Structures are given as C-alpha cells and as structure tokens.
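Here the structure is a predicted model, which means the values were calculated and not measured. Chain identifiers are assigned alphabetically (A, B, ...) following the order of the sequence lines, protein sequences preceding nucleic acid strands; residue numbering begins at 1 within each chain.
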2 protein chains.
Amino acid sequence: MVIDSKQLDLVFGALSDATRRGILADLAKGESNVTALAAPYDMSQPAISKHLRVLEGAGLIERSKTGRETRVRVKPDNAQEAAAWITHYARFWQQHFDAVDQILQQQRKLQNED
Amino acid sequence: MVIDSKQLDLVFGALSDATRRGILADLAKGESNVTALAAPYDMSQPAISKHLRVLEGAGLIERSKTGRETRVRVKPDNAQEAAAWITHYARFWQQHFDAVDQILQQQRKLQNED
DNA sequence: CGAATCAATAACCATATGGTTATATTATTA
DNA sequence: TAATAATATAACCATATGGTTATTGATTCG
C-alpha cells in the first residue's frame with residue numbers, strides 16, 4: 001500500500017462530508033473554478049474554499065490560479081491511490097462476508113443432516 | 001443506492017480514524033470483545049468504547065452483552081452496503097482515470113497468484 | 001461473601017470542524 | 001481609473017471529536 005495511514009485519515013475524512021462528495025462529483029464532469037463549484041450550495045464562498053482546502057489536503061484535488069480565478073481539478077495521483085485502497089478495502093469486506101456466508105451455509109448443511 | 005448520504009457521512013467518518021480501521025481489521029479475524037479489541041492500543045478502555053460507539057453508529061459493527069463481556073462483530077448488512085457504495089465510488093474514479101484500470105488489473109493478477 | 005474483571009457512563013479538557021461575516025488582494029471590465 | 005468579480009484570509013462561534021480520569025454496575029471467581 002503506497003498511501004499511508006495518515007493520508008488515509010485525511011482521505012476518508014474528506015469523503016465524510018456530503019458537500020465535499022458533491023464537489024468531487026461535480027469535478028468528475030471536468031475541471032472547474034471556485035464560483036462554479038460553490039453555485040449549487042446554499043453556503044458562503046469562504047465555506048466552499050474551506051472544503052476545497054480539505055480536499056486538497058487529502059490530495060484529492062489541486063488548485064491553480066489562472067488570472068483572478070482558481071481552477072480546480074481532481075488530482076489523479078493521490079485519487080488513484082485512494083481508489084485503489086478503497087477497492088482493496090471493499091474486496092476485503094467482500095471476501096470476509098463471502099467467508100461468513102460459506103460458514104453459514106456449512107452450518108445450515110450440518111443442521112439439515114441432524 | 002440504498003445507503004443514504006447521512007449514513008455515508010457516518011461510514012466515512014468512522015473510517016477516517018486509524019484506531020477504528022484497526023479495530024475493523026481485527027474484527028475481520030472474527031468476533032471479539034472490548035478488552036481484546038483494546039489490547040493493541042495504548043489507550044484507555046473508555047476511549048475504545050467510544051470508538052466502538054462510532055463504528056456502531058455507522059452501522060459497521062454491532063455489540064451484544066454476554067455475561068459481563070460485550071461481544072463485538074461486524075454487521076454484514078450495513079457494511080455490505082458501505083462496501084457496495086465504496087465499490088461504486090471506486091468504479092467512478094476508474095472511469096475517469098485510465099491508470100486505475102491498470103492498477104486494478106495488476107491487483108487481480110497478484111491475487112490470482114495466491 | 002468479597003475481590004477482581006468487563007465495560008459503560010459521567011465529567012472534563014483541548015483541538016478540530018463547519019459554518020458565519022467582514023475585509024483584503026488581485027484581476028478584469030466598463 | 002473606478003467599479004466589479006473571483007478568491008483568500010481573518011476572526012469568530014457552536015458543536016463535534018478524541019482523549020483523559022473517576023466511578024458505577026454487573027458478573028464471575030476464589
């Protein structure tokens with residue numbers, strides 16, 4: 001695993017807020033800027049800037065100035081690692097539950113043999 | 001999506017702490033109790049109880065009293081939904097970043113070699 | 001029965017989080 | 001040049017989070 005525990009704290013922390021998940025979803029449609037990202041939310045501009053800072057801290061997005069506007073885009077490198085970890089985690093649960101399922105089926109089998 | 005946004009806040013919030021991720025990892029090895037779960041951590045018992053409450057609130061684990069001890073186990077129903085969402089999320093990223101596909105294929109390859 | 005064990009709860013503390021309004025900074029535009 | 005626009009920053013507030021110690025309530029053990 002390339003991504004370390006502290007980074008993972010930040011990534012999951014960033015994803016634990018609906019506004020930030022919404023921003024990520026919007027950015028999936030393509031690069032944007034702060035004003036456009038803020039538009040859907042009934043929230044002040046500074047609040048959105050704070051959310052962007054959290055996403056940036058988690059390495060999920062990056063910002064760059066272009067004139068007076070700040071362009072925002074997802075940051076593939078870190079997001080890829082997060083996605084890989086999340087997928088790994090999902091697979092981990094899946095395997096765990098598959099195993100539980102098998103145990104339960106086994107138990108049902110044994111019970112039927114009584 | 002069965003799991004709603006507020007539940008997702010709680011799930012990601014729960015996963016945003018290394019201690020809680022560690023507890024989930026330990027529980028993957030099987031059902032446990034509070035004392036056993038607390039053992040690996042340099043932290044008081046009430047602190048662990050708090051973490052367990054957060055995991056329970058996110059629907060990732062469930063607790064039940066057995067005598068004087070509290071048995072703790074992962075709660076398949078909600079955790080599966082979370083895993084499903086996470087997988088969906090991972091797929092979402094995958095669609096946007098070509099390289100993710102390569103990483104996942106690499107992982108699949110490595111797993112098949114087990 | 002009395003002591004030890006398991007775990008929850010209460011009260012407290014420091015810091016983080018998520019929001020606000022006001023202000024400042026830097027472009028752009030009229 | 002003056003006004004407007006796009007953001008960031010500062011200062012503030014309420015609540016949440018993550019930890020502590022002390023205590024309590026059951027259960028189990030000797």
**Q** Heavy atoms under 4.0 Å, any strand shown: does A/R71 hit a base, just sugar-phosphate, or nothing?
**A** nothing
**Q** Check DNA chain D against residues 44-52 of chain A and give the residues with a non-hydrogen atom under 4.0 Å, in numerical order.
**A**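 When residues 44-52 of chain A is checked for heavy atoms under 4.0 Å from DNA chain D, the hits, listed by number, are A/Q45, A/P46, A/S49.
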**Q** Among residues at least two apart in sequence or on other chains, which ones pass side-chain hydrogen bond (donor to acceptor under 3.5 Å, both in side chains) with A/S64?
**A**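 A/S64 satisfies side-chain hydrogen bond (donor to acceptor under 3.5 Å, both in side chains) with A/R73 only.
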**Q** Not counting sequence neighbours, which residues clear salt bridge (Lys or Arg N to Asp or Glu O under 4.0 Å) with A/R68? List them please.
**A**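 By the salt bridge (Lys or Arg N to Asp or Glu O under 4.0 Å) rule, A/R68 matches no residue at all.
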**Q** Quick one, B/L15 with B/L60, criterion side chain to side chain contact (heavy atoms under 4.5 Å, CB included). Give me CA distance, side-chain angles, the key distance, then yes/no.
**A** CA-CA 10 Å; B/L15 296 178; B/L60 292 172; 4.2 Å; yes
**Q** Side chain to side chain contact (heavy atoms under 4.5 Å, CB included), that's the test. Do B/N33 and B/R71 meet it? Break it down for me.
**A** CA-CA 5 Å; B/N33 63 52; B/R71 304 296 300 169; 3.8 Å; yes
**Q** Would you indicate whether the side-chain heavy atoms of A/E56 and A/V72 approach each other to under 4.5 Å?
**A** no
**Q** When the side chains of residues 34-48 of chain A are checked against the rest of the protein, which donor-acceptor pairs come out under 3.5 Å, sequence neighbours left out?
**A**
residue	atom	partner	partner atom	Å
A/Y41	OH	A/I23	N	3.4
A/S44	OG	A/A47	N	3.3
A/Q45	NE2	A/S49	OG	3.2

**Q** For nucleotides 24-30 of chain D, just jot down a letter per nucleotide in 5' to 3' order: B, S or -, based on protein non-hydrogen atoms under 4.0 Å.
**A** ---BS--
**Q** Is there a chain of hydrophobic side chains (I, L, V, M, F, W, Y, each step under 4.5 Å between heavy atoms) that links A/L8 to A/L55?
**A** yes
**Q** On the nucleotide D/dT7, are OP1 or OP2 found under 4.0 Å from the side-chain N or O atoms that A/N33 carries?
**A** yes
**Q** For A/K6, does the NZ atom sit with more than 12 other heavy atoms under 6.0 Å from it, leaving out its own atoms?
**A**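 12 or below, so no.
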**Q** List in chain and number order the residues that pass side-chain hydrogen bond (donor to acceptor under 3.5 Å, both in side chains) with A/R53, two or more places apart in sequence or in another chain; answer none if no residue qualifies.
**A** none
**Q** Linking I/L/V/M/F/W/Y whenever their side-chain heavy atoms sit closer than 4.5 Å, directly or via other members, would A/F12 and A/L10 fall into one cluster?
**A** no
**Q** Can you give me the first and the last nucleotide of DNA chain C (5' to 3') that has an atom within less than 4.0 angstrom of a non-hydrogen atom in chain B?
**A**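 Range of nucleotides touched by chain B: C/dT5 to C/dT9.
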